[in-house]
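As the structure lists them, so they are numbered: ligands from 1, and atoms in each ligand from 1.
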Amino acid sequence: MHQFSETELTEAVVRSFEDAPDPRVKFLLQELVKSLHDYVRKTSLSFEEWEYAIDFLTRTGQKCTPIRQEFILLSDVLGVSMLVDAVNHRERGGATETTVLGPFYVGEHKEMPHGADISPDSQSGQKLFVQARVTDVAGKPLAGVPVDVWHADDGGLYDSQKPNYATTGPSARARFVTDLDGRIFFRSVVPCSYPVPIDGPTGELIRQTGRHPMRPAHIHFVVAAPGYEPLVTHLFIGGDKYLDSDVVFGVKDELIAKVEKRSDAVMPDGKPAPSEWNLMTYEFHLKPGKGTPPTPLGIKLGEYA
Ligand code: BEZ
Ligand code: FE
């Protein structure tokens, strides 16, 4: 029987994929094996450490539910999600910057009329009016484009994290479709910075390494127009204290939106305003191309308790 040295072992496993019918699968698996084997050699990984890693990944899988994606969270916290984003968006050519999808793109994003309040139940949040426009990179407005929006509330929680989600349904989550001038606008509350979920293995990793779990306040957007690259991004609230230390490394300067404090008696759609409110204005630029927009994590209300 042939006995392998440390490096011969790697070569043998790499060779074992030589006849894989799909060349991309072959490349991905061979490179994965080389990187994993390098890691084991470089760290002289002990049996205890290897067992810990297996147990950690097992618990990560066990923590997943139809609306809780612990593997996405782990990928985000390790910076892998932002690296995948970076290598896939090397040339922006004037298009809006992208960032992580995150684990809270869930359920149905119901289309709402322009101007709708997507957080009608929030009692304490500061009122926010968001006006955005979708154009191509040359500034031509794109009409009829669905824009999915979701954000944490002023208490730092997404709707799907709340125990009553299955019965109360979505909040701070909707779809708007751009008008002939590429515009959408809606009302909500100013989100606040929040900790990513830390009650699972990813939280254990964050705590045990002395990191903080916070994300700077932001609103998520998925903008998907036929003939253009789908845009997955956020707008961050300028001035947030975690902009320089986002736990998932997702901040880009261009995505920090100015949020102006306003006291005008009417909002931009001519309707009466509360005494104090905030205005966020942004223009998204889409790049010609193709691609499939992400699909929200599968759950229909009532299916999950
Ligand atoms: C989010 O922004 O929703 C998010 C992104 C990455 C990890 C956790 C949450
Ligand atoms: Fe978020």
Side-chain angles (χ1 to χ4, degrees), residues 60-61 63-86 88-89 96-107 109 118-119 122 125 128 130 132 147-162 165 170-175 186 188-207 209 211-223 231-238 240-252 254-257 259 280 282 293-297 299:
T60 300
K63 197 74 191 167
C64 294
T65 73
I67 52 164
R68 169 79 188 254
Q69 231 308 346
E70 189 74 5
F71 273 113
I72 296 184
L73 185 61
L74 180 61
S75 162
D76 294 341
V77 164
L78 292 178
V80 177
S81 307
M82 278 310 287
L83 195 53
V84 173
D85 181 71
N88 281 279
H89 297 117
T96 300
E97 290 288 351
T98 51
T99 188
V100 281
L101 178 67
F104 298 118
Y105 188 40
V106 303
H109 286 242
I118 64 171
S119 300
S122 171
L128 175 69
V130 178
V147 179
D148 282 358
V149 174
W150 69 104
H151 68 82
D153 62 15
D154 55 309
L157 285 180
Y158 284 83
D159 51 5
S160 62
Q161 291 179 285
K162 299 179 192 173
Y165 175 62
S171 62
R173 180 183 302 282
R175 169 171 294 179
F186 59 93
S188 193
V189 291
V190 179
C192 64
S193 36
Y194 63 85
V196 299
I198 50 166
D199 58 339
T202 310
E204 177 182 306
L205 181 152
I206 292 170
R207 275 195 307 279
T209 54
R211 287 173 58 176
H212 76 65
M214 300 301 289
R215 294 221 65 205
H218 57 270
I219 301 179
H220 292 255
F221 294 86
V222 169
V223 188
L231 174 67
V232 176
T233 198
H234 313 346
L235 295 182
F236 293 93
I237 311 292
D240 190 285
K241 77 178 213 198
Y242 295 106
L243 283 171
D244 288 332
S245 64
D246 182 3
V247 66
V248 305
F249 311 94
V251 179
K252 293 183 178 171
E254 182 194 301
L255 300 178
I256 302 174
V259 178
M280 178 190 261
Y282 204 81
T295 313
L297 287 177
I299 179 184

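- Ring-centre distance between His218 and Tyr194: below the 6.0 Å cut-off.
- Side chains of Ser171 and Asp159: no donor on one and acceptor on the other come within 3.5 Å.
- The protein heavy atom nearest to atom 1 (C) of ligand 1 is Tyr194 OH, 2.8 Å.
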Derivation and outcome, side chain to side chain contact (heavy atoms under 4.5 Å, CB included), residues Asp154 and Val190 = CA-CA 6 Å; Asp154 55 309; Val190 179; over 6 Å; no
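- Between Ile118 and Arg173, every side-chain heavy-atom pair lies at or beyond the 4.5 Å cut-off.
- Within 6.0 Å of CG on Asn88 lie more than 12 heavy atoms contributed by other residues, nucleotides or ligands.
- Proximity to Val196 (heavy-atom distance under 4.0 Å) selects the following atoms of ligand 1: 7 (C), 8 (C), 9 (C).
- Considering backbone and side-chain N/O of Asp76, none are found under 3.5 Å from N/O of ligand 1.
- Shown in contact with Val248 at under 4.0 Å from a heavy atom are these atoms of ligand 1, numbered in order with element: 6 (C), 7 (C).
- Of the heavy atoms in Val247, none comes closer than 4.0 Å to ligand 1.
- The distance from the Fe ion (ligand 2) to the nearest N/O/S atom of His218 is under 2.8 Å.
- At least one N, O or S atom of His220 sits under 2.8 Å from the Fe ion (ligand 2).
- Here Phe249 has no heavy atoms under 4.0 Å from ligand 1, in either its backbone or its side chain.
- The ring of Tyr158 has its center no closer than 6.0 angstrom to the ring center of Tyr165.
- Using a 4.0 Å cut-off between a side-chain N of Lys or Arg and a carboxylate O of Asp or Glu, Lys63 and Glu70 do not qualify as a salt bridge.
- Taking every heavy atom of both residues into account, Gln69 and Pro103 meet most closely at O-CB, 4.0 Å.
- Applying the 4.0 Å criterion to heavy atoms of His220 picks out, from ligand 1, the atoms 1 (C), 2 (O), 3 (O).
- At the Fe ion (ligand 2), the angle from OH in Tyr194 to OH in Tyr158 is 100° when rounded to 10°.
- Within ligand 1, counting atoms from 1 as listed, the ones closer than 4.0 Å to a heavy atom of Tyr158 are 1 (C), 2 (O), 3 (O).
- Close approach of ligand 1 to Leu73 (heavy-atom distance below 4.0 Å) involves ligand atoms 7 (C), 8 (C).
- Every heavy atom of Trp150 sits 4.0 Å or more from the atoms of ligand 1.
- The pair Asp76-Arg215 fails the salt-bridge criterion, with no side-chain N (NZ, NE, NH1 or NH2) lying under 4.0 Å from an Asp/Glu carboxylate O.
- Residue contact check for ligand 1: Tyr105 places no non-hydrogen atom closer than 4.0 Å to it.
- Less than 4.0 angstrom separates some heavy atom of Arg215 from each of these atoms of ligand 1: 1 (C), 2 (O), 4 (C), 5 (C).
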Could you please spell out the steps behind the side-chain hydrogen bond (donor to acceptor under 3.5 Å, both in side chains) verdict for Asp153 and Ser122?
-> CA-CA 8 Å; Asp153 62 15; Ser122 171; over 6 Å; no
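- Of the listed residues (Pro195, Ala152, Pro103), the one carrying the non-hydrogen atom nearest atom 9 (C) of ligand 1 is Pro103.
- Of all non-hydrogen atoms in Phe104 and Ser160, the two that sit nearest each other are CD2-OG, 3.8 Å.
- Near Gly102, the atoms of ligand 1 lying under 4.0 angstrom from a non-hydrogen atom of the residue are 4 (C), 5 (C), 6 (C).
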